[in-house]
Amino acid sequence: MLPFTEKVIQVIKKIPEGKVMTYGQIAKLSGHPKAARQVARILHSMSKKHHLPWHRVINAKGQIAIQDEATYYEQMMSLQAEGVEVDASGRVDLEKYRVNWQSDYIDLD
DNA sequence: AACGTGACGATTA
DNA sequence: CTAATCGCCACGT
């Protein structure tokens with residue numbers, strides 16, 4: 001049983017190129033369905049040190065959830081570079097790009 | 001052990 | 001569609 005934080009990192013590492021997941025999905029797959037905010041916290045502080053594809057993580061509205069302008073732009077560019085369409089308001093088509101893994105794909109715990 | 005903190009989410013107006 | 005409110009909870013301090 002890995003700690004929540006480690007599971008989150010494992011899940012994020014498995015997001016395929018050209019796809020996205022939401023914070024809530026990741027929280028659920030990591031065993032804490034309501035800890036979406038904690039996922040955000042983890043990314044905010046740990047993404048650089050773990051070489052995570054953090055740019056493939058967006059919020060439930062399908063939007064880039066970054067406050068910082070430069071980082072926001074970076075995420076948008078990274079997504080577009082993988083073929084994910086991002087509109088002018090930073091929104092992605094979840095129906096089209098979201099990974100819809102249930103909770104049985106993973107072999108962690 | 002208690003407390004503040006969020007790249008959130010669902011609901012309501 | 002936007003905006004405000006409230007619930008949520010693992011983790012560092």
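In the text below, chain A, chain B and the rest are named by the order of the sequence lines, each starting its count at 1. Model, not experiment: these values are computed from the prediction.
- For the atom pair CD of A:Gln10 and NE2 of A:His50, the computed distance is 10.0 Å after rounding to the nearest 0.5 Å.
- A 4.5 Å side-chain heavy-atom check between A:Met76 and A:His55 finds every atom pair outside the cut-off.
- Spacing between atom NE2 of A:His50 and atom C1' of B:dA7 amounts to 16 Å, rounded to whole angstrom units.
- In this entry the distance linking OH of A:Tyr23 with P of B:dA7 reads 8 Å, nearest Å.
- Listed by first and then second residue, the ring-ring contact (aromatic ring centres under 6.0 Å, His included) pairs that reach into residues 61-98 of chain A come to none, sequence neighbours excluded.
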Nucleotide N/O of nucleotides 8-10 of chain C paired with protein N/O under 3.5 Å:
{"unit_1": "C:dC8", "atom_1": "N3", "unit_2": "A:Arg37", "atom_2": "NH1", "d": "3.3"}
{"unit_1": "C:dA10", "atom_1": "OP1", "unit_2": "A:His32", "atom_2": "ND1", "d": "2.6"}
{"unit_1": "C:dA10", "atom_1": "N3", "unit_2": "A:Gln38", "atom_2": "OE1", "d": "2.6"}

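- Rounded to whole Å, atom P of B:dG6 lies 14 Å from atom CG of A:Asp68.
- The interatomic distance linking A:Met21 (CE) with B:dG9 (C1') rounds to 15 Å, in whole Å.
- Rounded to the nearest 0.5 angstrom, A:His32 NE2 and A:Thr5 OG1 are separated by 9.0 Å.
- For the pair A:Ile42 CD1 and B:dT5 P, the interatomic distance rounds to 18 Å; values are reported in whole Å.
- We find that CG of A:Asn59 is positioned 16 Å from P of B:dT11, with the value rounded to whole Å.
- What separates NZ of A:Lys61 from P of C:dC1 is a distance of 11 Å, to the nearest Å.
- Residues A:Val57 and A:Ile15 form a side-chain contact, since some pair of their non-hydrogen atoms from C-beta on lies under 4.5 Å apart.
- Put simply, CD1 on A:Ile12 is 10 Å from C1' on B:dA7, counting in whole angstrom units.
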If you look only at distance, which donor and acceptor atoms sit under 3.5 Å apart when one is on a side chain in residues 16-26 of chain A and the other is two or more places apart or in another chain?
{"unit_1": "A:Thr22", "atom_1": "OG1", "unit_2": "A:Gln25", "atom_2": "N", "d": "3.1"}
{"unit_1": "A:Gln25", "atom_1": "OE1", "unit_2": "A:Thr22", "atom_2": "N", "d": "3.1"}
{"unit_1": "A:Gln25", "atom_1": "NE2", "unit_2": "A:Val99", "atom_2": "O", "d": "2.7"}

